4 protein chains.
Amino acid sequence: MAGNTFGKHLSLTTFGESHGGAIGGILDGCPAGIVLDLDAIQHQLDRRKPGQSRLTTQRKESDRVVFHSGIFEGKTLGTPIGFSIPNQDARSKDYSHIKKQFRPSHADHTYQAKYGIRDYRGGGRASARETACRVVAGAIARQILPAVHIQAYVSAVGSLALDVPYQELNLSQTENNTVRCPDPAMAETFIQEIENARKAGDSLGGVVSCVIQGVPIGWGEPVFDRLHADLGKAMLSINAVKGFEYGSGFAGTRLHGSEHNDTYGADGRLLSNHSGGIQGGISNGADIYFRVAFKPTATIMLDQQGLSEEGDVVTVKGKGRHDPCVVPRAVPIVEAMAALVLADHMLAARLNSINNKK
Amino acid sequence: MAGNTFGKHLSLTTFGESHGGAIGGILDGCPAGIVLDLDAIQHQLDRRKPGQSRLTTQRKESDRVVFHSGIFEGKTLGTPIGFSIPNQDARSKDYSHIKKQFRPSHADHTYQAKYGIRDYRGGGRASARETACRVVAGAIARQILPAVHIQAYVSAVGSLALDVPYQELNLSQTENNTVRCPDPAMAETFIQEIENARKAGDSLGGVVSCVIQGVPIGWGEPVFDRLHADLGKAMLSINAVKGFEYGSGFAGTRLHGSEHNDTYGADGRLLSNHSGGIQGGISNGADIYFRVAFKPTATIMLDQQGLSEEGDVVTVKGKGRHDPCVVPRAVPIVEAMAALVLADHMLAARLNSINNKK
Amino acid sequence: MAGNTFGKHLSLTTFGESHGGAIGGILDGCPAGIVLDLDAIQHQLDRRKPGQSRLTTQRKESDRVVFHSGIFEGKTLGTPIGFSIPNQDARSKDYSHIKKQFRPSHADHTYQAKYGIRDYRGGGRASARETACRVVAGAIARQILPAVHIQAYVSAVGSLALDVPYQELNLSQTENNTVRCPDPAMAETFIQEIENARKAGDSLGGVVSCVIQGVPIGWGEPVFDRLHADLGKAMLSINAVKGFEYGSGFAGTRLHGSEHNDTYGADGRLLSNHSGGIQGGISNGADIYFRVAFKPTATIMLDQQGLSEEGDVVTVKGKGRHDPCVVPRAVPIVEAMAALVLADHMLAARLNSINNKK
Amino acid sequence: MAGNTFGKHLSLTTFGESHGGAIGGILDGCPAGIVLDLDAIQHQLDRRKPGQSRLTTQRKESDRVVFHSGIFEGKTLGTPIGFSIPNQDARSKDYSHIKKQFRPSHADHTYQAKYGIRDYRGGGRASARETACRVVAGAIARQILPAVHIQAYVSAVGSLALDVPYQELNLSQTENNTVRCPDPAMAETFIQEIENARKAGDSLGGVVSCVIQGVPIGWGEPVFDRLHADLGKAMLSINAVKGFEYGSGFAGTRLHGSEHNDTYGADGRLLSNHSGGIQGGISNGADIYFRVAFKPTATIMLDQQGLSEEGDVVTVKGKGRHDPCVVPRAVPIVEAMAALVLADHMLAARLNSINNKK
């Protein structure tokens with residue numbers, strides 16, 4: 001398989017360049033008989049789409065998904081679900097200046113070197129526009145897993161961080177603000193910080209945290225396809241991601257084993273959850289939680305030194321329409337990729353036992 | 001595929017429980033005609049094996065790998081390389097006390113719940129003993145990639161950290177001490193810290209850093225099989241790993257785009273490398289570097305509250321032979337997994353162009 | 001992976017039901033930089049499309065393929081090629097009578113039992129309409145392999161057979177008649193036979209033979225992915241196929257080894273080709289040839305005993321628009337699947353040697 | 001994946017050259033909790049092993065399989081089952097004469113050209129010795145499917161054929177004679193025919209038929225992984241196989257649809273089974289049956305014209321120990337591959353429905 005398919009049992013293959021005719025995908029392996037809520041799918045796409053607020057790119061895309069197959073009289077058929085999203089507001093001429101230039105910290109140079117050709121318009125295949133397809137598929141995956149609750153939120157923007165355990169947050173408030181931070185005061189601070197960056201023509205990074213509840217014990221396939229390894233790959237496959245940690249993460253490396261171990265209390269329940277809901281690569285029934293690092297958007301409105309195709313340094317003009325900080329729009333993408341991983345592993349777990357009682 | 005195969009083109013499948021007859025694997029997809037240095041393979045295994053120093057478990061395993069196929073007159077045949085490593089010093093009776101107990105932060109409970117059965121002796125399949133097979137395969141992968149140099153080292157033990165960029169370290173000194181830290185003074189401190197933990201019957205976590213040099217531009221398969229996503233999955237599939245970050249990582253999220261972008265200098269070379277050698281999921285020719293978080297060893301010599309099979313809290317005795325801190329032995333494992341990922345992507349990159357000039 | 005993807009390196013995933021909105025697919029792994037002849041692709045589709053002559057179904061579909069991605073300024077980008085073909089002349093009401101009936105020798109019953117739901121209109125996913133997507137992808141695969149020549153033709157219709165070795169036929173005449181038989185006299189006989197069946201409301205089976213020239217020595221991946229095993233699977237995955245044989249096939253089982261072995265002549269060339277161009281699963285440079293058995297079309301215009309959803313015998317009316325014999329339209333499908341297999345194996349063979357000189 | 005893995009969910013990877021240290025494999029994806037009958041596994045190996053009678057090669061191999069993992073206290077763990085079979089009676093010097101020669105209709109030339117190196121001893125990886133590993137794995141697969149009955153038998157040797165439908169045979173008599181033909185009289189004729197060929201230093205081909213009973217409705221994954229397509233690939237991946245047909249096969253192409261269609265009788269049961277138990281690629285509950293064509297053994301005891309590495313014609317001496325006709329020993333191999341396919345599809349079918357009631 002080339003690199004555009006994700007998932008072993010529930011498999012998403014995506015296609016599409018940012019300024020081509022359409023983007024889309026095929027979700028294969030979706031079990032039959034699921035009553036699909038198409039509005040819920042469109043709702044997830046709307047959470048990701050550009051132009052939602054001043055925090056995001058002003059590219060206008062209605063991002064209406066069209067389903068071509070796999071659904072009949074409102075239910076999944078068990079056959080592949082083909083879908084597409086037309087590209088509408090693709091101002092390709094905005095990009096003519098980079099036709100023969102490689103922008104700093106973009107994939108222009110690497111794509112050109114790898115393939116000997118690239119669609120330079122809007123980043124082509126390297127554009128985060130591709131993630132809209134993941135959101136569609138992830139929204140279906142969520143409907144395969146009605147008992148699983150997945151909630152991501154923005155926990156850091158630039159050097160500002162919401163250093164509060166998720167248990168102390170009211171995650172249901174996440175969608176109440178444009179930056180998708182469940183703490184209203186911190187949300188305001190985040191928004192201001194992004195505004196400042198935008199006005200300065202600059203950009204910011206950030207962190208998206210994600211909490212998953214309702215996963216039963218037993219999902220995850222050692223030794224290579226551990227549940228957290230697949231979650232990690234899923235997140236690292238999202239544009240601009242630089243790091244992934246789950247449970248106690250990097251901070252947990254500083255504890256002693258006697259502090260870090262999750263021991264059992266009188267009722268047989270875990271007294272802590274440094275494990276992040278996964279032990280030995282298999283879900284243990286506790287909450288799964290993880291954090292994803294996003295770098296500052298590479299496109300900024302300031303001139304920078306890039307490279308010409310001939311190998312000379314050139315000044316790349318700051319132009320185009322971009323997000324000064326990607327994390328607010330990354331929230332539904334993180335959730336979608338998590339949903340795809342979990343649905344894939346729910347299916348995988350059906351294969352483990354001879355009596356298949358799961 | 002079930003979860004015991006890693007890699008698409010160069011594929012490693014492993015087998016084996018900690019106290020079974022043997023562990024081993026099959027490496028399929030190794031190109032033909034490579035003159036294999038078998039001593040170099042055994043050398044990597046020796047770096048990983050138990051009983052090297054007081055820092056590691058005292059289990060005695062000679063860990064001699066036996067090759068069964070795929071090699072003829074010293075060269076690879078292009079056919080699968082089958083190998084095994086006998087289990088020798090398996091004191092299974094050390095584990096009879098946990099036959100019906102689930103230890104805190106181990107995979108005992110999750111394996112039992114998932115499969116309805118487990119080999120409780122020494123952790124069974126969940127034991128890090130399985131990683132010896134990865135080291136064998138990784139040592140072969142290194143020989144597929146003679147121009148690529150992979151060097152990992154311990155950069156943190158517990159709360160002590162070597163906060164120095166790798167460029168300022170003499171990585172060739174890494175193997176000079178038992179903790180595998182290239183800074184001699186810090187190595188001494190790390191060793192003392194681990195000794196203290198060991199004496200207290202406790203354990204420590206830590207961080208392994210890894211630097212990869214010599215990767216040409218063009219390896220990595222967007223959009224899902226980005227080079228760093230596969231590196232991340234590889235690392236997260238190693239026992240006890242809680243996090244992965246590459247390039248600027250989590251720290252990079254706090255920078256502005258204007259600071260973070262890797263711009264080009266007068267000679268067309270990159271002026272910085274926050275990208276960590278990868279852009280858009282494809283290697284850009286610069287050094288690849290990343291960090292891996294390891295939790296403190298779950299097995300400690302202190303009594304702790306575990307769970308009985310019946311669901312009651314029980315006291316689990318601290319017994320058996322274990323590493324008070326896994327990071328020194330994790331260094332060759334991290335390198336091995338990195339080598340497997342890189343060799344896999346070297347092969348994948350042969351498929352990208354019609355003229356196949358790579 | 002669910003069952004709708006074909007090929008390891010060049011991977012086709014298809015979607016679509018016969019009477020849904022569209023059918024289509026994604027071809028991933030196509031090398032970059034190929035100048036695509038889109039007319040040649042449409043030409044192959046036209047060879048397969050319905051309504052070409054009285055021999056085929058009268059369903060009217062223009063079958064114009066639309067490409068959405070992966071092609072830029074006329075060349076392949078190395079990114080996934082997404083495409084779709086709208087369904088136009090879908091007379092779904094023709095099928096209302098079988099909404100709750102299972103037709104004999106159709107997939108109605110098996111789909112319903114497997115998935116608990118089916119799109120009964122025109123056979124849904126089980127319709128041969130899906131093969132149009134294979135023809136699109138196969139036409140691209142042919143352009144990846146300009147030196148390989150693939151030619152299929154009809155060699156039997158019902159009990160009439162063209163028992164002549166392909167070397168004695170002028171294969172360039174294959175497209176000169178509607179039944180795609182290179183022998184003009186036999187073609188006329190075949191056409192008459194199909195006409196008779198059509199008039200009787202009945203159907204016929206047949207055999208498609210295929211010859212592949214220009215494959216170099218070295219394609220095919222033992223031990224499971226032998227070149228002929230993948231060709232066999234490819235053919236058996238086409239609707240209505242009941243058998244596959246290559247080289248000497250079933251007839252070869254009746255020879256002695258001394259007759260069957262392909263020995264070498266004075267110039268080092270093979271004196272015979274019972275092997276069918278493949279030895280040990282690897283192409284040997286000689287012509288590859290094989291035969292594919294197609295059963296008579298299950299849909300006939302005669303009433304037959306089917307099954308109701310409740311399990312009762314019911315009379316299924318002969319209705320709808322169907323091919324009285326599928327082999328003429330199967331010719332481009334057989335060629336397309338062969339092209340997909342060969343392009344996949346051409347890519348696989350790039351991975352075999354350390355020096356990658358292929 | 002390189003070409004040495006078979007099966008998506010239940011995956012067998014094999015290793016080993018004919019005269020290397022050992023052959024073996026890893027069976028991954030076997031459900032946990034199966035009480036394994038190890039004697040039954042060895043019994044299948046014994047059916048395949050050389051030296052059983054005058055009909056087979058006189059190479060002496062005890063072919064005792066050793067299991068290294070995945071089994072604990074008699075039950076499967078759900079972890080990979082690693083196993084090996086030592087090579088014992090490998091008279092490599094018998095092959096020194098072909099070190100630099102390519103034998104007619106062997107894989108010598110193609111392996112050398114593909115890989116640039118080969119283990120010439122006993123055919124190396126191309127030897128049918130590898131199929132012993134398939135028999136081990138297939139014997140485990142049978143135990144995953146206790147309700148499925150798989151029985152193969154020899155139905156043709158050279159030009160002699162047992163032209164009787166399987167329903168009219170007493171298949172339980174198959175093992176009563178060395179040629180594995182359920183008709184005692186025909187068995188005697190087959191044996192005599194093989195004896196004659198052996199005495200003449202020549203070889204014969206033949207046909208193995210296989211009947212599978214007890215498969216429920218619903219196994220098989222359209223559109224590419226149809227049950228019969230996977231069975232066909234499985235059979236075509238066996239050494240010396242030239243063809244595969246199921247149900248009515250090639251003979252069925254000569255019938256009209258009105259004759260060929262399997263209609264329903266008064267009790268809702270199928271009145272015929274030209275479909276061979278599979279419709280639309282999915283099992284329909286009826287018997288699955290198919291035929292596999294084996295070419296005459298390429299190794300004969302007569303001198304033949306081969307090729308030197310330099311490209312000259314050379315006389316290859318008839319030497320070594322080989323089967324004059326492979327079909328008797330092929331019977332357990334055909335059954336093993338069928339079992340692997342069926343167990344794989346049994347698992348796949350668990351994924352089709354949202355309610356997973358299968």
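Because the structure is a prediction, the values reported are computed rather than measured. Reckoned from all heavy atoms, side chains included, excluding hydrogens, waters and symmetry mates.
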Between CG of A:Leu231 and NZ of B:Lys233, what distance do you get to the nearest 0.5 Å?
10.5 Å

Distance only, no hydrogens: is a donor on one side chain within 3.5 Å (strictly under) of an acceptor on the other, for A:Asn4 and A:Thr13?
no

Heavy-atom pairs under 4.5 Å with chain A, option from B:Gly3, B:Ser248, B:Gly243 with the top count
B:Gly3

Is the closest side-chain donor-acceptor distance between B:Ser209 and B:Ser155 under 3.5 Å?
yes

Less than 4.5 Å to any heavy atom of chain A: does that hold for the side chain of B:Thr131, its backbone, both, or neither?
neither

Would you call the rings of A:Tyr115 and A:Tyr111 parallel, tilted or perpendicular, taking 30° and 60° as the class edges?
tilted

May I ask you to name which of A:Thr263, A:Val314, A:Ile300, A:Asp312 has the most heavy-atom pairs under 4.5 Å with chain B?
A:Thr263

Please state whether the rings of B:Phe224 and A:Phe6 are parallel, tilted or perpendicular, taking 30° and 60° as the class boundaries.
tilted

What part of B:Leu160 gets within 4.5 angstrom of chain A, counting heavy atoms only: side chain, backbone, both, or neither?
neither

Among A:Met337, A:Glu245, A:His109, which residue has the highest count of heavy-atom pairs closer than 4.5 Å to chain B?
A:Glu245

If you tally heavy-atom pairs under 4.5 Å between each of B:Gly306, B:Ala266, B:Gly252 and chain A, the highest tally belongs to B:Gly306

If we define contacts as heavy-atom pairs under 4.5 Å, which of A:Gly249, A:Ser275, A:Pro222, A:Gly276 has the most with chain B?
A:Pro222

Roughly how far, to the nearest 0.5 Å, is CD of B:Glu130 from CZ of B:Phe15?
11.0 Å

Among the listed options B:Ser237, B:Ala107, B:Ala298, B:Ala2, the residue most often paired with chain A at heavy-atom distances under 4.5 Å:
B:Ser237

Engaged part of B:Ala348 at the chain A interface, taking heavy atoms whose separation is under 4.5 Å:
neither

Under 4.5 Å from a heavy atom of chain A, the part of B:Val241 involved:
backbone

Please state whether the side chain, the backbone, both or neither of A:Leu12 comes within less than 4.5 Å of a heavy atom of chain B.
both

B:Ser308 side chain vs B:Glu310 backbone, donor-acceptor pair below 3.5 Å
yes

State plainly whether the residues A:Arg254 and A:Glu259 are in salt-bridge range, i.e. N to O under 4.0 Å.
no

Taking side chain as everything from C-beta outward and backbone as N, CA, C, O, which of these in B:Leu204 sits under 4.5 Å from a heavy atom of chain A? Side chain, backbone, both or neither.
both

Give the member of B:Asp225, B:Thr110, B:Thr5 that has the highest number of heavy-atom pairs under 4.5 Å with chain A.
B:Thr110

When every non-hydrogen atom of B:Ser353 is compared with those of A:Lys114, the smallest separation belongs to OG-O, 3.5 Å

Checked A:Gly281, A:Ser283, A:Gly257 vs chain B; the most non-hydrogen pairs under 4.5 Å come from A:Gly257

Just so I understand: if I count every heavy-atom pair under 4.5 Å between each of B:Gly116, B:Gly206, B:Ala197 and chain A, which residue has the most?
B:Gly206

If you tally heavy-atom pairs under 4.5 Å against chain A, which of B:Asn261, B:Asp267, B:Val313 wins?
B:Asn261

State the NZ-NE2 distance between B:Lys8 and B:His345, to the nearest 0.5 angstrom.
8.0 Å

Which bit of B:Ala126 is near chain A, if near means a heavy-atom gap under 4.5 Å: side chain, backbone, both or neither?
neither

Can you say whether A:Arg134 sits under 4.5 Å from chain B via the side chain, the backbone, both, or neither, judging by heavy atoms?
side chain

Proximity breakdown for A:Leu307 and chain B, heavy-atom pairs closer than 4.5 Å:
both

Please state whether the side chain, the backbone, both or neither of B:Arg125 comes within less than 4.5 Å of a heavy atom of chain A.
both

Going by distance alone, is a donor N or O of one side chain under 3.5 Å from an acceptor N or O of the other, for A:Asp202 and B:Ser258?
yes

Side chain, backbone, both or neither: which part of B:Phe290 has a non-hydrogen atom closer than 4.5 Å to chain A?
neither

Salt bridge present between B:Asp323 and B:Arg198 (N-O < 4.0 angstrom):
no

Whether B:Lys242 engages the ring of B:Phe294 as a cation-pi pair (distance to the six-membered ring centre under 6.0 angstrom, angle to the ring normal within 45°) should be assessed.
no

Max heavy-atom pairs within cutoff under 4.5 Å with chain B, candidates A:Ala156, A:Gly220, A:Cys325, A:Ala200, goes to A:Gly220

Between CG of B:Asn352 and CD of B:Glu221, what distance do you get to the nearest 0.5 Å?
4.5 Å

Chain B: which of A:Gly268, A:Ala229, A:Gly285, A:Gly280 shares the most heavy-atom pairs with it under 4.5 Å?
A:Ala229

